[in-house]
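Notes to accompany the following structure.
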Protein chains: 2
Amino acid sequence: MAREMVRQGGRSARIQSEVHRTVQDLLKTMDRGEITVPMIAEKSGVTPSTIYRRWGDLSELLADVAVARMRPVADPEDTGAMESDLEAFILQYAEEMSSKVGRAMLADVLGSMEGDAAGRCCQFTYDHLETLRERALGRGEAAFDVKEAIDFVVAPIIYHILFGDRELSTDYCRSLVSRFFVK
Amino acid sequence: MAREMVRQGGRSARIQSEVHRTVQDLLKTMDRGEITVPMIAEKSGVTPSTIYRRWGDLSELLADVAVARMRPVADPEDTGAMESDLEAFILQYAEEMSSKVGRAMLADVLGSMEGDAAGRCCQFTYDHLETLRERALGRGEAAFDVKEAIDFVVAPIIYHILFGDRELSTDYCRSLVSRFFVK
DNA sequence: ACCTTAATGCAATTTTTTAGCGTTAGCCGC
DNA sequence: GCGGCTAACGCTAAAAAATTGCATTAAGGT
């Protein structure tokens with residue numbers, strides 16, 4: 001009986017979703033710097049010690065919530081052609097990530113060291129791009145390389161969001177995509 | 001007398017450098033998650049309340065220290081030609097940033113919201129690239145665009161460091177640079 | 001239905017953060 | 001140089017948050 005697994009049903013799961021929901025509610029109302037663990041505990045009807053034991057500290061909890069929110073619910077839109085597929089996806093990605101909540105989620109994800117929140121959230125992007133690539137292959141198009149798309153298009157977007165050194169206009173995002181295809 | 005400036009000499013400056021030095025010392029010994037404000041206060045001989053008043057909280061202090069450590073002390077090396085200049089700079093940049101302390105500094109800088117730590121640290125990179133550009137112009141070479149260098153070379157490096165999705169080998173960094181010049 | 005133990009609640013303790021108030025010491029004008 | 005002004009600091013007490021031990025609850029397997 002070497003398997004001592006995490007319990008995934010019943011009360012434990014109910015508490016997790018309750019805490020997650022509370023955190024998301026609080027993030028709508030107030031700034032992230034004002035949120036505290038005791039505050040979350042009271043609003044969700046859970047004792048603080050439970051939160052500390054399960055998540056360690058506030059930043060880990062916020063990262064966990066952020067990853068959950070970033071988990072995609074559907075495949076990227078199918079526009080009929082690879083280039084427009086990628087452009088549509090990138091425009092939506094840039095808009096989501098550069099919004100206030102998007103930047104907050106990014107910061108939360110990158111502020112955590114346990115649990116590999118950054119890696120998991122990064123994987124969502126890879127998966128989407130891979131979907132677009134396979135879709136292109138199915139159409140018989142000359143598909144792109146996912147890693148190169150990350151380097152040429154995604155990385156600059158994330159960089160400018162994080163460092164705030166450049167406006168993320170739709171024109172600029174489009175230029176990143178077209179630059180990638182003429183390469 | 002509209003100027004109510006920050007005092008920059010004497011005791012105040014001494015305390016700032018003392019606290020900075022203590023933080024750097026602690027970062028060598030222990031993990032960032034274990035460092036506390038009272039700990040820094042005791043080691044540096046300053047009361048905690050002073051630290052809280054000057055920096056707000058631990059993450060702001062860590063960001064301040066990180067920016068100070070990232071501030072360059074010298075211009076990038078002059079190798080005689082633009083391409084090798086950029087390559088040398090990028091290789092050093094990637095090595096510094098991907099090291100353990102580099103990643104910690106990046107996280108600290110991005111974890112702060114006041115004071116624009118991210119913007120200031122990003123500016124260091126722009127300044128270095130601008131130096132290389134002007135140096136190239138002085139030689140009569142066809143210089144590169146700094147913003148494009150950020151997009152093509154710097155952004156991918158930072159992305160892979162933050163999200164841990166790819167090994168940052170020297171070969172890979174070199175390929176980013178050459179890819180940028182053949183563009 | 002029973003057994004094992006992961007996960008929670010509660011409460012006491014410790015640690016961290018905040019806030020008030022008096023004191024020290026830069027900086028400026030004279 | 002000599003005060004005056006006040007930013008910045010130290011000290012202390014109070015508030016808030018984080019940790020820990022112990023009892024209790026309830027999944028999941030036999």
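Here is how names work: the chains are called A, B, and so on, in the same order as the sequence lines, proteins then strands, and each is numbered from 1. From a predicted model like this one, the values you see are computed outputs, not experimental measurements.
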Within the 4.5 Å heavy-atom criterion, are B:Ile158 and A:Phe163 side-chain neighbours or not? yes
Rounded distance (Å) that lies between atom [atom2] of [N] and atom [atom1] of [X]:
X       : N      : atom1 : atom2 : result
B:Leu61 : C:dT16 : CG    : P     : 15 Å
A:Glu34 : C:dT18 : CD    : P     : 12 Å
B:Ile15 : C:dT24 : CD1   : C1'   : 11 Å
B:Ile51 : C:dT16 : CD1   : P     : 12 Å
A:Gln16 : D:dA26 : CD    : C1'   : 17 Å
A:Arg14 : D:dA26 : CZ    : P     : 9 Å
B:Ile35 : C:dT16 : CD1   : C1'   : 16 Å

Less than 4.0 angstrom between a side-chain N/O of A:Arg11 and OP1 or OP2 of D:dT25, yes or no? no
Please determine whether a side-chain nitrogen or oxygen atom of B:Ser12 lies at a distance below 4.0 Å from atom OP1 or OP2 of D:dC9. yes
Anything under 3.5 Å between a donor and an acceptor, one on a side chain of residues 81-88 of chain B, the other on a protein residue two or more places apart or in another chain? List them.
from: B:Ser84; atom 1: OG; to: B:Thr79; atom 2: OG1; distance (Å): 2.6
from: B:Ser84; atom 1: OG; to: B:Ala81; atom 2: O; distance (Å): 3.1
from: B:Asp85; atom 1: OD1; to: B:Thr79; atom 2: N; distance (Å): 2.6
from: B:Asp85; atom 1: OD1; to: B:Thr79; atom 2: OG1; distance (Å): 2.6
from: B:Asp85; atom 1: OD2; to: B:Arg135; atom 2: NH1; distance (Å): 3.0
from: B:Asp85; atom 1: OD2; to: B:Arg139; atom 2: NH2; distance (Å): 3.2

Per nearest nucleotide of DNA chain D, the residue lying toward the 5' end, B:Val46 or A:Gly56, is B:Val46
Per the salt bridge (Lys or Arg N to Asp or Glu O under 4.0 Å) rule, what does the pair list look like for residues 43-72 of chain A, sequence neighbours excluded? A:Asp64-A:Arg120
Let me have the donor-acceptor pairs involving side chains of residues 145-155 of chain A, under 3.5 Å, with sequence neighbours excluded, atom names and distances please.
from: A:Asp145; atom 1: OD2; to: A:Lys147; atom 2: N; distance (Å): 3.2
from: A:Asp145; atom 1: OD2; to: A:Glu148; atom 2: N; distance (Å): 3.1
from: A:Glu148; atom 1: OE1; to: A:Lys183; atom 2: NZ; distance (Å): 2.8
from: A:Asp151; atom 1: OD1; to: B:His160; atom 2: NE2; distance (Å): 2.8
from: A:Asp151; atom 1: OD1; to: B:Tyr172; atom 2: OH; distance (Å): 3.0
from: A:Asp151; atom 1: OD2; to: B:Tyr172; atom 2: OH; distance (Å): 2.6
from: A:Asp151; atom 1: OD2; to: B:Arg179; atom 2: NH2; distance (Å): 3.0

Show me the protein contacts with nucleotides 14-17 of chain D, counting only N or O atoms at under 3.5 Å.
from: D:dA17; atom 1: OP1; to: A:Thr36; atom 2: OG1; distance (Å): 3.4

Hits for ring-ring contact (aromatic ring centres under 6.0 Å, His included) against B:Phe89, two or more places apart or cross-chain, chain-then-number order -> B:Tyr93, B:His128
Do any N or O atoms from the side chain of A:Asp31 and from the backbone of A:Glu34 form a donor-acceptor pair under 3.5 angstrom? no
Can you see whether B:Ser178 engages B:Ser175 through a side-chain donor-acceptor pair at a distance of less than 3.5 angstrom? no
Is B:Val101 reachable from B:Leu26 through a run of hydrophobic residues whose side-chain heavy atoms are each under 4.5 Å from the next? no
Are B:Met97 and B:Leu27 linked, directly or through intermediate hydrophobic residues, by side-chain heavy-atom contacts shorter than 4.5 Å (ILVMFWY only)? no
On DNA chain C, more 5' by nearest nucleotide between A:Gly45 and B:Leu58 is A:Gly45
Distances for protein N/O vs nucleotides 11-13 of chain D N/O pairs under 3.5 angstrom?
from: D:dC11; atom 1: N4; to: B:Ser49; atom 2: OG; distance (Å): 2.9

